[in-house]
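Okay, so here's the structure we're looking at.
One-based numbering, in listed order, for ligands and for the atoms of each.
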Amino acid sequence: MTLSINCKDAGDPVCTHTMLGETEEELLQNAKEHGIKVHGYTEEQWNEEISKNLEHFRKIIKKT
Ligand SMILES: [Zn+2]
């Protein structure tokens with residue numbers, strides 16, 4: 001099973017990058033790397049964002 005999140009579903013107006021992972025942990029790690037590299041988050045800002053929006057993130061995870 002592959003878990004994925006699309007950046008657009010996560011609330012970004014323009015980015016349509018899809019992040020993948022085999023576990024939720026791996027997916028969130030990949031999303032974090034993408035957020036830092038592409039969207040200019042610092043690790044601290046990202047962790048704060050995730051802790052606020054984890055429920056939303058879980059809802060938009062697609063399982064294929
Ligand atoms: Zn993105």
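Taking CD1 from Ile61 and CD from Glu24, the interatomic distance works out to 4.5 Å, rounded to the nearest 0.5 Å.
Contact of the Lys62 side chain with the Thr18 side chain is not registered, since no non-hydrogen atoms from C-beta on lie closer than 4.5 Å. His39 is listed as a side-chain neighbour of Asp12, based on a closest heavy-atom distance under 4.5 Å. In this structure, Leu54 and Arg58 have side chains that are in contact, with non-hydrogen atoms separated by less than 4.5 Å.
Looking only at protein N/O/S atoms, the ones less than 2.8 Å from the Zn ion (ligand 1) make 4 in total.
Hydrophobic clustering (side-chain heavy atoms under 4.5 Å, transitive across Ile, Leu, Val, Met, Phe, Trp, Tyr) keeps Met19 apart from Val38.
Using bins of under 30°, 30° to 60° and over 60° for the plane-to-plane angle, the ring pair His17/His34 lands in the parallel bin.
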